[in-house]
Amino acid sequence: MTRKALITGITGQDGAFLAEFLLGKGYEVHGMVRRASTESFERIASLRDRLILHQADLLDQLSIITLISQVRPHEVYNLAAQSFVPTSWLQPLLTGEFTALGVTRMLEAVRLVDRDIRFYQASSSEMFGKVRQEPQNEQTSFWPRSPYGVAKVYGHWITVNYRESYNVFACSGILFNHESPLRGKEFVTRKITDAVARIKLGVQDKLVLGNLEAMRDWGFAGDYVKAMWLMLQQDEPDDYVIATGEKHSVREWVELAFGHVDLDWREHVQSDPKLLRPAEINTLRGDATKARTILQWQPEVAFPELVRMMVDADLQRVRRELADRDR
Ligand code: NAP
Ligand code: GDD
């Protein structure tokens, strides 16, 4: 029997990678999309003919129940969220509605419609915040430092709670930062690689960033969606940290990205205190030993390769845009 998966947040970076991965495994892939006056399906454009998309919203409980009743998926991947940390200070309540309560709405729908559905929750290393130990693993306590991080802690614990209270096969994947050419341009990695491409091609001069000393454990999104799927294929539901185990600073990203196209970053990068966050997470580094041992998962793309991949993709895209403009 063909397995059916439902992905919320299918139009986002991870949604696009996961959809492609599941199609490759022979799944019938359904995606939940929210209504907008203009569709933003660029990331899944090449897969569109093979996906079944449905309108529903994390804010609307009935729409989610109806969707799950109609699709009757075997697996649900809850990737939808307000995922940009700075926006969570500007819109803390909406972030809580989407990123925290949205998880309960998804779990309630699963509980009501079919408790045999396997459920994945997109949890985040942002929950570790002001880190209590290094590296962080599944036992490390949380100290979130943004409304987004707080909302993700709620999403994590409600997932654990539905597993323990209702026996739902619910897993929380605690994923560290993962990037790709599909990353939103407001996140620091893509902001850098987009700027590098534009500066190299002469259509931008400066790149203004915030805290260059922040350190993150950055991996490749294509590797991380495989871990999501692996979690739902186990005999027992559980929570897993997914990370590379290496950390690098924003400054290192900048150096590598500019260096890849033979530019000196010091001539282009400025730091603006306005871009500093009310509370910063200075450092994150994950310990994915449990995932390596139980899921047999490991990251394939190393840090310098990730930087080069993203710069090259942006160079290609900007060149194409310029050629189209001049045509
Ligand atoms: P993303 O690119 O920002 O995508 C977010 C998705 O959520 C988009 O498809 C968006 O739809 C959808 N969405 C937002 N609000 C919604 C609502 N009210 N109803 C329905 N859909 C809604 O995020 P991502 O990087 O792919 O991350 C996927 C998930 O993993 C998120 O939950 C994120 O918080 C979490 N996470 C990400 C990372 C990372 O490093 N990427 C690390 C840990 C955890 P629109 O296209 O309509 O905006
Ligand atoms: N966005 C951004 N823009 N970040 C900057 C900038 C800038 O101009 N300059 C420095 N930074 C620093 C931020 O202060 C932060 O310490 C770091 O770069 C990474 O920022 P983001 O790329 O915005 O990612 P994030 O770590 O805040 O959040 C991402 O990873 C989480 C997992 O830890 C998001 O994908 C979250 O959704 C995810 O949960």
Side-chain angles (χ1 to χ4, degrees), residues 7-19 31-36 38-44 54-60 63-64 67 77-88 94-95 97-99 101-103 105-106 120-129 136 144-146 148-149 151-152 155-156 172-180 182-192 195 207-221 224-225 228 242-243 249-251 253-254 269-272 274-284 286:
I7 304 174
T8 75
I10 195 165
T11 55
Q13 170 190 256
D14 290 7
F17 275 100
L18 181 62
M32 177 177 122
V33 294
R34 53 181 170 165
R35 197 259 159 196
T38 312
E39 283 183 354
S40 58
F41 296 166
E42 297 87 8
R43 291 185 178 105
I44 49 171
H54 310 262
Q55 270 187 16
D57 199 296
L58 282 181
L59 295 181
D60 191 307
S63 73
I64 300 170
L67 170 58
Y77 296 86
N78 184 37
L79 309 185
Q82 191 303 93
S83 75
F84 190 47
V85 172
T87 297
S88 77
L94 191 64
T95 300
E97 284 287 350
F98 286 5
T99 306
L101 284 180
V103 187
R105 294 190 189 100
M106 292 300 300
Y120 173 85
Q121 168 56 19
S123 293
S124 165
S125 52
E126 195 73 9
M127 302 189 300
F128 295 121
Q136 298 84 49
R145 297 269 282 169
S146 64
Y148 168 83
K152 282 289 180 187
H156 169 79
S172 172
I174 306 175
L175 272 52
F176 282 63
N177 299 49
H178 45 279
E179 318 294 314
S180 76
L182 299 186
R183 186 57 140 154
K185 283 190 200 154
E186 69 272 55
F187 297 94
V188 76
T189 56
R190 186 75 198 290
K191 185 174 169 182
I192 295 168
L207 166 61
V208 183
L209 294 172
N211 178 12
L212 294 179
E213 308 315 325
M215 304 195 88
R216 291 288 184 277
D217 179 332
W218 277 293
F220 172 53
Y224 285 40
V225 298
M228 299 175 185
I242 301 298
S249 64
V250 173
R251 184 185 297 273
W253 249 98
V254 166
V269 176
Q270 294 170 350
S271 182
D272 183 344
K274 281 202 213 78
L275 292 176
L276 300 179
R277 299 176 177 187
E280 175 64 290
I281 296 180
N282 296 322
T283 180
L284 287 173

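In each ligand, atom 1 is the first atom listed, and ligand 1 is the first ligand listed.
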Shortest protein contact, atom 43 (C) of ligand 1 (heavy atom only):
Leu175 O, 3.1 Å
Compare Gly31, Ala221, Ala80, Ser83 and give the one whose heavy atom is closest to atom 1 (P) of ligand 1.
Ser83
Of all the non-hydrogen atoms in the protein, which one sits nearest to atom 18 (N) of ligand 1, and at what distance?
Asp57 OD1, 2.9 Å
Short N/O distance, under 3.5 Å, between Ser123 and ligand 1?
no
The protein heavy atom nearest to atom 30 (O) of ligand 1 is Ala122 CB, 3.4 Å
Non-hydrogen atoms of Arg105 and Leu58 that approach each other most closely:
NH1-O, 2.9 Å
For Phe84, all residues meeting ring pair (Phe, Tyr, Trp, His ring centres under 6.0 Å), sequence neighbours excluded
Phe187
Just by distance, no angles: are the side chains of Gln82 and Ser88 close enough, under 3.5 Å, to form a donor-acceptor pair?
no
closest protein heavy atom to atom 4 (O) of ligand 1 is Gly12 CA, 3.4 Å
Residues Met215 and Ser249: closest non-hydrogen pair is CE-N, 3.8 Å
Considering heavy atoms of the protein only, find what lies nearest to atom 48 (O) of ligand 1 and give residue, atom and distance to 0.1 Å.
Arg34 NH2, 2.8 Å
Can you check which of Tyr148, Tyr224, Phe176 brings a heavy atom nearest to atom 36 (N) of ligand 1?
Tyr148
Under 3.5 Å: donor-acceptor pair, side chain of Arg43, backbone of Thr11
yes
Asp57 and Ser63 side chains, donor-acceptor separation under 3.5 Å:
no
Under 4.0 Å from a heavy atom of Asn177: which atoms of ligand 1 are those, numbered in the order shown and with their elements?
40 (O)
Are any non-hydrogen side-chain atoms of Ile192 and Val250 less than 4.5 angstrom apart?
yes
Using distance alone, determine whether Ala81 and ligand 1 share an N or O pair under 3.5 Å.
yes
Residues which pass ring pair (Phe, Tyr, Trp, His ring centres under 6.0 Å) with Phe17, listed by chain and number, not counting sequence neighbours:
Phe220
Looking at non-hydrogen atoms alone, which of Ile44, Thr11, Ile10 comes nearest to atom 9 (O) of ligand 1?
Thr11
Using heavy atoms and a cut-off under 4.0 Å, could you grab the residues that are in contact with ligand 2, chain by chain, numbers ascending?
Ser83, Phe84, Val85, Ser124, Ser125, Glu126, Tyr148, Asn177, Arg183, Glu186, Phe187, Val188, Lys191, Leu209, Gly210, Asn211, Ala214, Arg216, Val250, Leu275, Arg277, Glu280, Leu284
From the options Arg216, Glu126, Glu39, His178, select the one whose nearest heavy atom is closest to atom 42 (C) of ligand 1.
His178
Give the residue, atom name and distance (to 0.1 Å) of the protein heavy atom nearest atom 25 (O) of ligand 1.
Arg183 NH1, 3.4 Å
Considering heavy atoms of the protein only, find what lies nearest to atom 6 (C) of ligand 1 and give residue, atom and distance to 0.1 Å.
Gly9 CA, 3.6 Å
Report, in ascending order of atom number, the atoms of ligand 1 lying under 4.0 Å from any heavy atom of Ser40.
46 (O)
Are any non-hydrogen side-chain atoms of Leu209 and Val269 less than 4.5 angstrom apart?
yes
Can you find an N/O atom of Met32 closer than 3.5 Å to an N/O atom of ligand 1?
no
Looking at ligand 1, does Gly173 have a heavy atom less than 4.0 Å from it?
no
Could you check whether any side-chain N or O of Arg190 sits under 3.5 Å from a backbone N or O of Gly184, counting only pairs where one atom can act as donor and the other as acceptor?
no
Quick one: are Glu126 and Ser146 in side-chain contact, heavy atoms under 4.5 Å?
yes
Can you confirm, on distance only, whether ligand 1 has an N/O atom lying under 3.5 Å from any N/O atom belonging to Gln13?
yes
If you define the side chain from C-beta out and look only at heavy atoms, does anything of Val33 sit under 4.5 Å from His54?
no
Examine Leu58 against ligand 1 and note whether any of their N/O atoms are separated by less than 3.5 Å.
yes
Any side-chain heavy-atom pair of Tyr224 and Asp14 under 4.5 Å:
no
What heavy-atom pair brings Gln13 and His178 nearest, and what distance separates the two atoms?
NE2-O, 3.1 Å
Within the 4.5 Å heavy-atom criterion, are Phe176 and Ile242 side-chain neighbours or not?
no
Consider every N or O of Gln82 and every N or O of ligand 1, then say whether any pair is closer than 3.5 Å.
no
Quick one: list whatever passes ring pair (Phe, Tyr, Trp, His ring centres under 6.0 Å) with Tyr120, sequence neighbours left out.
none
Atom 28 (C) of ligand 1: which protein heavy atom is closest, and how many Å away?
Leu79 O, 3.4 Å
Can you check whether Leu79's main-chain N or O pairs, donor with acceptor, with Thr8's side chain at less than 3.5 Å?
yes
Would Asp14 count as being in polar contact with ligand 1, using the rule that some N or O on each side must be under 3.5 angstrom apart?
yes
